[in-house]
Amino acid sequence: MRGPAIRAGLRYGAEAFALGFFLGTLRITVIAPATGTLMAMLIEIPVMLSAMGWRARRIITARAAMASIGARAAMGATGFTLLMTCEFVLGLALGTSPRPWLADLTSPPGAAGLAGQIVFGCLPLLVGGRMVRAG
């Protein structure tokens, strides 16, 4: 029964990584030079969470199997795990070793980003509800 939730979480996490890659590129190249790193992160987070909240709702309401709290929790946990894994691997690919990657999560911009990612993982629980169609 967890298969649909895991698949939904993989989709949700992959979509978040793709959007985050795009928004992160804009944040680093355009917004941060004008506003600073922390302010750029604080601008990006609500955009990301709004988009992913919409996607979470669409994914959940498209499948009756996602109606339960357990399924939505599994979707969120899977999406969060995939997102964090992708970000870690991207960091490695860009030359950041594990210790500095983890240390960055404790900086103000990194902590703000991590808080946003935790909310992202909880969104399926927060937006779940009515099912539009079965199947």
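Residue Tyr12 holds its OH atom at 10.5 Å from CE of Met66, rounded to the nearest 0.5 Å. Met39 CE to Glu44 CD: the interatomic distance, rounded to the nearest 0.5 Å, is 13.5 Å. Rounded to the nearest 0.5 angstrom, Leu114 CG and Asp104 CG are separated by 10.5 Å. Expressed to the nearest 0.5 Å, how far CD1 of Ile59 lies from CZ of Arg11 amounts to 5.5 Å. One distance of note links CD1 of Ile43 with CG of Leu23; it measures 12.0 Å at 0.5 Å rounding. Separating the CD1 atom in Ile118 from the CZ atom in Phe80 is a distance of 5.5 Å, to the nearest 0.5 Å.
Side chain of Arg72 to backbone of Ala67: a donor-acceptor contact under 3.5 angstrom is found. No donor-acceptor distance shorter than 3.5 angstrom exists from the side chain of Thr96 to the backbone of Leu92, with no hydrogens or angles considered.
Taken together through direct or relayed side-chain contacts under 4.5 Å among Ile, Leu, Val, Met, Phe, Trp and Tyr, Phe17 and Leu26 form part of one hydrophobic cluster. Residues Phe21 and Leu83 are members of one and the same hydrophobic cluster, defined by side-chain heavy-atom contacts under 4.5 angstrom among Ile, Leu, Val, Met, Phe, Trp and Tyr. In this structure, Leu19 is a member of the same hydrophobic cluster as Leu49, with clusters built from ILVMFWY side-chain heavy atoms closer than 4.5 Å. Leu125 is not connected to Met52 by any chain of hydrophobic side-chain contacts under 4.5 Å among Ile, Leu, Val, Met, Phe, Trp and Tyr, and they are in different clusters. Val89 and Leu10 fall into different hydrophobic clusters, where Ile, Leu, Val, Met, Phe, Trp and Tyr side chains are chained together by heavy-atom contacts under 4.5 Å.
Between Trp101 and Phe88, the ring-plane angle classifies as perpendicular under the 30° and 60° cut-offs.
Listed here is the closest heavy atom pair of Ala112 and Leu38: CB-CD1, 4.3 Å. Contact record, Ala5 with Ala74: CB-CB, 3.8 Å, taken as the closest heavy-atom pair.
Dense packing is recorded around CG of Leu94, with more than 12 heavy atoms of other residues, nucleotides or ligands lying under 6.0 Å away. For Met84, the CE atom counts as densely surrounded, since its 6.0 Å shell holds more than 12 non-hydrogen atoms of other residues, nucleotides or ligands.
Inter-residue side-chain proximity for Gln117 and Glu87 is flagged as met; some heavy-atom pair is nearer than 4.5 Å. For the pair Ile45 and Met41, the minimum side-chain heavy-atom distance is below 4.5 Å.
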